[in-house]
Amino acid sequence: DTPFKVCVVGSGNWGTTIAKVVSENTAQHPHLFEPKVNMWVFDEKIEGTSLVSIINNKHENVKYLPNIPLPENLVANPDLLNTVGDADIIIFNIPHQFLPKIVQQMKGNIKPTARAISCLKGFEVGKKGVQLLSAYVEDELDIPCGALSGANLAPEVAKENWSETTVAYQLPKDYRGDGKDVDHRVLKALFHRPYFHVSVIEDIAGISIAGALKNVVALGCGFVEGLGWGNNASAAIQRVGLGEIIKFGQMFFPESRVETYYQESAGVADLITTCSGGRNVRVAKHMAKSGKSALDAEKELLNGQSAQGIITCKEVHEWLETCELLHEFPLFEAVYQIVYNNVAMDKIPDLIDELDEFR
Ligand code: NAD
Ligand code: 13P
C-alpha cells in the first residue's frame, strides 16, 4: 500500500510543535506514512537569513519555537502549493485570520482525495454566518476536514511534557474503506505520542467551539488577574465562561455534544490551562498592568505570535449583534467592550451581574 504523505500548513508556536509531533510518528510508521513531512513556512528574514533555511539547516525554529530540536525528516518549505500539492493529509495550523487567503490559494491545487485536520482555534464569520474553520475548509476545498483541539500550551508539548488532546473526525460519505483512506486509527497513529495522548471522537463542532471561545474567556481572566484580584475572580470568570461556551454551542451548533465540554481535553481542560498560562491571559494581564491596547500588548509580549481571543471576541460580538443576542452572553460582550471600546476592566463584575442568567 502507498503510505500517506503528510504536510503541515503553518509554522508558528503550535504549527511547529504539531509538525514535530507528526514527523516523529511518520518516521516511526513508514508503512503507514511517508516519513518526510513538509511544513509550509510564511518565510521571513531573521538577522538577514531566511527562516526556512535556518529551520532546514539548524533543525530549529529559532523565532517561534526556540531551543526545541526538530526531527530531520521535517522539511520547511516556503512554497505553499509545492507543500500541499501531493499531500494526502493536510494539517492546517496557522493563526485563523490568515486561513481564508491560504485556502483560496490552495483551491484546485490539492489532491481531490486529500483529507484535512484543522488545529486552529477560532471561527470564520462571513456571509454564511458563524462557521467552524473545519467546515470552512471543507466548503472551500471540497475535502473532508476534522479538528484537533486540547489543553495544549505549545511550549509544554514541544518539551514533551505529558498532555492530552482530542482529535475529531467524521468519515466522509465517500469513505473508501479499503485501508487506504484516513480513519480514526490512522489519525491516532499520526498524532499520538507517549507524551501526547490522543482521544479520537466524532464531535468536531464541540471541540472547535470550546477551543475558539476559551480564548475569549482567557482574556477576561487576564483582566481580573492583572487588576490583582486573584484566583477567586479568575474562577468566577471561568464559571461564567464555561456556561457561555456551552450555550453558544447549543444555540448555533446543536450537533455539538454537552459531554464533550466536560469530558474531553478540548473542553474544560483547555479552558483551565489557557486561563492559567496561555498567551491570551498573559496579553490581557499586560493590558491591565500597563494600560496598553490589546494589539500593542500582543506586539510587545509575543514576538510575532498571535493571541487569537482578540479577533475571536470581535467576531463573536459581530455575530451575536446580527442575531440580536448580545445580552445572552454578558462575559463575551464585556471582553469585547474592554478590548475595543475602552470600557474599564473593573466593571466586569457589574457587566456580568447585569446580564448573567446563570445565577
Ligand atoms: P503563532 O501565534 O505562533 O503565529 C505566528 C505564525 O503566524 C508564524 O508562523 C508566522 O509566520 C505566521 N504569520 C504571520 N503573518 C502571516 C501571514 N500574513 N500569513 C500567514 N502566516 C502568517 O501561531 P500558532 O501558535 O502556531 O497558532 C496557530 C493556531 O493554533 C491558532 O489558531 C492558535 O489558537 C492554535 N493553538 C495555539 C497553541 C499554542 O500554544 N501556541 C496551542 C493550541 C492551539
Ligand atoms: P493561548 O493561545 O492563549 O496561548 O492558548 C493556547 C492553547 O490553545 C492551549 O490549549
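For ligands, and for the atoms within them, numbers begin at 1 and follow the listed sequence.
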Check each atom of ligand 2 against the heavy atoms of Thr274 and keep those under 4.0 Å away; list them by number with element. 3 (O), 5 (O), 7 (C), 9 (C), 10 (O)

If you count the atoms of ligand 2 from 1 in the order shown, which ones are under 4.0 Å from a heavy atom of Asn152? 9 (C), 10 (O)

Going by distance only, is there an N or O of Ile102 that falls short of 3.5 Å from an N or O of ligand 1? no

Lys101 atom NZ, neighbour heavy-atom count above 12 within 6.0 Å: no

So do the side chains of [X] and [Y] get within less than 4.5 Å of each other, counting heavy atoms only?
| X | Y | answer |
| --- | --- | --- |
| His96 | Leu133 | yes |
| Ile201 | Ile207 | yes |
| Asn82 | Trp40 | no |
| Ile209 | Thr260 | no |

Starting from [atom], locate the nearest protein heavy atom and write down its residue, its atom name and how far away it is, to 0.1 Å.
| atom | value |
| --- | --- |
| atom 1 (P) of ligand 1 | Arg279 NH1, 3.7 Å |
| atom 8 (O) of ligand 2 | Lys214 NZ, 2.6 Å |
| atom 3 (O) of ligand 2 | Asn280 ND2, 2.8 Å |
| atom 44 (C) of ligand 1 | Trp14 CD1, 3.2 Å |
| atom 10 (O) of ligand 2 | Asp270 OD1, 2.6 Å |
| atom 34 (O) of ligand 1 | Gln308 CG, 3.3 Å |
| atom 4 (O) of ligand 1 | Pro95 CG, 3.3 Å |
| atom 40 (O) of ligand 1 | Ala154 N, 2.8 Å |
| atom 9 (O) of ligand 1 | Gly12 N, 3.1 Å |
| atom 28 (C) of ligand 1 | Asn93 OD1, 3.3 Å |
| atom 42 (C) of ligand 1 | Asn152 O, 3.0 Å |
| atom 1 (P) of ligand 2 | Arg279 N, 3.3 Å |

Consider only side-chain N and O atoms of Arg193 and Gln28, and report whether a donor and an acceptor are under 3.5 Å apart. yes

Please classify the Val41 to ligand 1 contact at 4.0 Å (heavy-atom distances, strictly less than): side chain, backbone, both or neither. neither

Side chain, backbone, both or neither: the part of Asn13 lying under 4.0 Å from ligand 1 by heavy atom: both

Against heavy atoms of [X], which atoms of ligand 1 measure under 4.0 Å?
| X | result |
| --- | --- |
| Leu120 | 32 (O) |
| Ser11 | 9 (O) |
| Leu153 | 40 (O) |
| Gly15 | 26 (O) |
| Ile94 | 28 (C), 29 (C), 31 (C), 32 (O) |

Side chain [X], main chain [Y], donor-acceptor under 3.5 Å:
| X | Y | result |
| --- | --- | --- |
| Thr166 | Ala266 | yes |
| Tyr336 | Glu318 | no |
| Asn73 | Ser23 | yes |
| Ser53 | Ser50 | yes |
| Asn215 | Thr312 | no |
| Glu298 | Ala307 | yes |
| His286 | Ala297 | no |

Taking the inter-plane angle between the rings of [X] and [Y] on a 0 to 90° scale, is it parallel (under 30°), tilted (30 to 60°) or perpendicular (over 60°)?
| X | Y | answer |
| --- | --- | --- |
| Phe252 | Trp319 | perpendicular |
| Phe248 | Phe332 | perpendicular |
| Phe33 | Phe4 | tilted |

Considering both backbone and side-chain atoms of [X], is one of its nitrogen or oxygen atoms within less than 3.5 Å of a nitrogen or oxygen in ligand 2?
| X | result |
| --- | --- |
| Ser306 | no |
| Thr273 | no |
| Gly150 | yes |

If hydrogens are left out, which of [options] has an atom nearest to [atom], that is, the closest non-hydrogen atom?
| atom | options | value |
| --- | --- | --- |
| atom 5 (C) of ligand 1 | Ser306, Ala307, Gly304, Gly211 | Gly304 |
| atom 10 (C) of ligand 1 | Phe98, Phe92, Tyr64 | Tyr64 |
| atom 35 (C) of ligand 1 | Cys119, Gly150, Ser118 | Cys119 |

Are Glu60 and Lys58 close enough, and set up right, to give a salt bridge (charged side-chain N to carboxylate O under 4.0 Å, His left out), and what steps lead you there? CA-CA 5 Å; Glu60 180 187 342; Lys58 274 190 77 176; 3.7 Å; yes

Could you establish whether Lys121 and ligand 2 come within less than 4.0 Å of each other, counting only heavy atoms on the residue side? yes

